[in-house]
Amino acid sequence: MKIRVVENVLKLNDEVAALNRARLAEAGVRCVNLIGSAGCGKTTLLLATLSTLSGELAIGVIAGDIATTRDAERIARHCPEVVQVNTGGGCHLDANQVRQGLAGLPLEDLDLVFIENVGNLICPVGFDLGQDASVGAFSVPEGDDKPAKHPRVVLESDLLLLSKTDLLPYVPFDLEGFRESIRMLREDVPLLELSAATGAGLANWIRWVTELART
Amino acid sequence: MHEAAITEALVEQVREFLPASATLTGVRIEVGELEHLDPVVMRTVWEVATAGTELEGAALTIERVPLSVRCRRCGTEHAPEDPAILLCPDCGAVAPEVLRGSGVVLRSLEVEER
């Protein structure tokens with residue numbers, strides 16, 4: 001006998017993500033899910049963002065990692081409101097881990113929460129965490145073919161970043177080909193090219209973050 | 001390796017739908033092309049997660065759903081040959097809305113009444 005069902009396997013995750021979204025909305029906090037490969041510069045970008053916006057926006061961070069508190073320790077030097085979530089081997093954050101992370105943040109006092117996802121361009125994309133915006137980060141040393149190899153992160157991000165542009169003179173990277181590969185997936189997604197190390201292009205990112213936090 | 005998390009969620013979901021009076025013999029799921037899920041890994045996780053439980057021995061059938069999109073500009077639906085090139089064959093816009101090929105869906109349970 002066959003029992004017909006049509007139900008999303010990640011239904012439970014999506015339900016918890018909806019609770020997170022409601023909790024954030026109730027506190028009037030905007031939330032960004034930052035997704036990118038290990039070593040693409042997520043933490044360094046967050047540090048630059050926190051130091052630039054210090055005194056202007058109250059920002060909390062949920063730092064996701066397989067293990068260790070290294071990211072949270074780096075971030076805590078610039079931001080008192082940081083929670084480390086260790087996935088214990090898991091390659092992505094899920095909504096329930098973020099729910100626990102949010103419980104450790106004084107949401108009523110914050111304008112914005114960054115979720116720094118586990119370094120990975122594949123697994124985190126399918127898991128809604130309750131964010132207002134998803135940001136997909138690529139970096140120059142990864143190579144110019146990453147958007148074409150990871151279409152879903154391009155399709156499901158509200159903003160794309162290319163970081164470490166200061167390395168363009170030193171590594172083989174076809175910048176025009178990179179931009180074109182994104183345009184072959186979606187012509188409407190904004191792309192910001194920046195370097196957290198030199199500060200080049202950072203102002204555009206800061207403007208995007210500030211606008212999101214104030215809408 | 002998000003195969004493990006998704007397959008474990010599937011095991012819990014199957015338990016919810018399985019009538020107490022029935023034995024599970026098979027499960028059919030659909031996996032979108034964009035999910036980057038390895039069916040061999042999913043079946044292994046399924047076997048490990050169900051071993052020694054009331055679900056042991058049930059076969060997991062995984063149907064791969066190819067990507068299909070609708071152009072937001074002109075409405076044309078098409079199935080891209082290359083998931084990295086989502087150009088509309090009619091109007092040339094690249095404004096795809098994903099219709100199929102994303103997500104993991106439980107479709108049916110095969111059961112035997114005890």
Side-chain angles (χ1 to χ4, degrees), chain A residues 1-17 35 66 87-97 117-129 144-157 177-189, chain B residues 1-14 16-19 21-38 42 67 69 71-73 80 82-88 92-98 101-113:
Chain A
M1 189 179 79
K2 183 181 269 189
I3 301 174
R4 289 187 193 281
V5 185
V6 177
E7 191 174 88
N8 182 355
V9 171
L10 288 180
K11 181 172 160 259
L12 188 62
N13 183 76
D14 293 348
E15 285 170 0
V16 177
I35 294 175
I66 286 176
T87 61
C91 51
H92 58 272
L93 286 175
D94 64 34
N96 197 44
Q97 289 160 342
N117 219 308
V118 179
N120 186 326
L121 262 183
I122 301 171
C123 312
V125 183
F127 290 81
D128 184 11
L129 305 179
D144 47 47
D145 60 351
K146 291 302 164 288
K149 288 170 90 169
H150 301 90
R152 198 168 174 202
V153 73
V154 176
L155 291 171
E156 298 193 12
S157 294
F178 172 84
R179 293 171 180 154
E180 183 62 15
S181 70
I182 291 170
R183 284 197 293 266
M184 283 295 106
L185 286 163
R186 249 180 92 186
E187 58 197 11
D188 66 338
V189 62
Chain B
M1 256 299 283
H2 50 323
E3 283 86 356
I6 289 177
T7 309
E8 281 160 12
L10 172 69
V11 171
E12 290 312 310
Q13 195 182 19
V14 166
E16 275 177 43
F17 283 102
L18 185 66
S21 61
T23 304
L24 186 74
T25 58
V27 171
R28 177 175 292 270
I29 63 169
E30 289 178 351
V31 174
E33 176 180 1
L34 290 180
E35 295 294 326
H36 290 287
L37 285 166
D38 183 339
M42 290 187 81
L67 180 63
V69 300
C71 176
R72 289 183 207 272
R73 181 88 50 90
D82 179 350
I85 299 176
L86 304 183
L87 203 69
C88 174
V94 192
E97 176 195 354
V98 174
S102 181
V104 183
V105 176
L106 172 60
R107 292 310 301 256
S108 65
L109 274 53
E110 279 296 336
V111 301
E112 279 170 7
E113 290 294 330

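Computation of the quantities below employed the complete heavy-atom set of this structure, encompassing side-chain atoms and omitting hydrogens, waters and symmetry-equivalent molecules.
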Atom of [X], atom of [Y] and distance for their closest heavy-atom approach:
{"X": "Pro151(A)", "Y": "Pro83(B)", "result": "CB-O, 3.6 Å"}
{"X": "Arg152(A)", "Y": "Ser102(B)", "result": "NH2-OG, 3.5 Å"}
{"X": "Val9(A)", "Y": "Ala9(B)", "result": "O-CB, 3.8 Å"}
{"X": "Ile6(B)", "Y": "Phe127(A)", "result": "CG1-CZ, 3.9 Å"}
{"X": "Glu113(B)", "Y": "Met1(A)", "result": "OE2-CE, 3.6 Å"}

Approximate separation, where rounding is to 0.5 Å, of [X] [atom1] and [Y] [atom2]:
{"X": "Leu10(B)", "Y": "Glu7(A)", "atom1": "CG", "atom2": "CD", "result": "10.5 Å"}
{"X": "Glu35(B)", "Y": "Ile122(A)", "atom1": "CD", "atom2": "CD1", "result": "11.5 Å"}
{"X": "Lys11(A)", "Y": "Glu12(B)", "atom1": "NZ", "atom2": "CD", "result": "12.5 Å"}
{"X": "Arg186(A)", "Y": "Arg72(B)", "atom1": "CZ", "atom2": "CZ", "result": "7.5 Å"}
{"X": "Leu106(B)", "Y": "Leu10(A)", "atom1": "CG", "atom2": "CG", "result": "12.0 Å"}

On the 0 to 90° scale, with breaks at 30° and 60°, tag the His2(B)-His92(A) ring pair as parallel, tilted or perpendicular.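 Plane angle over 60°, so perpendicular.
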
With a 4.5 angstrom heavy-atom cut-off, is it the side chain or the backbone of [X] that approaches chain A, or both, or neither?
{"X": "Ala22(B)", "answer": "neither"}
{"X": "Val98(B)", "answer": "side chain"}
{"X": "Gln13(B)", "answer": "side chain"}

Answer yes or no: is there a side-chain heavy-atom contact under 4.5 Å between Val6(A) and Val105(B)?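 Yes - at least one pair of side-chain heavy atoms lies under 4.5 Å apart.
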
Given that the side chain runs from C-beta out, which part of Leu185(A) has a heavy atom under 4.5 Å from chain B: side chain, backbone, both or neither?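 Both parts, heavy atoms under 4.5 Å.
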
Please classify the contact of Arg183(A) with chain B as side chain, backbone, both or neither, using a heavy-atom distance under 4.5 Å.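 Just its backbone gets close to chain B.
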
Leu155(A), Val189(A), Asn13(A), Asp188(A): which one forms the most heavy-atom pairs within less than 4.5 Å of chain B?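 Winner by heavy-atom pair count: Leu155(A).
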
Short question: side chain of Glu187(A), backbone of Val94(B) - any donor-acceptor pair under 3.5 Å?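 Yes; judged by distance alone, with no hydrogens or angles, the pair exists.
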
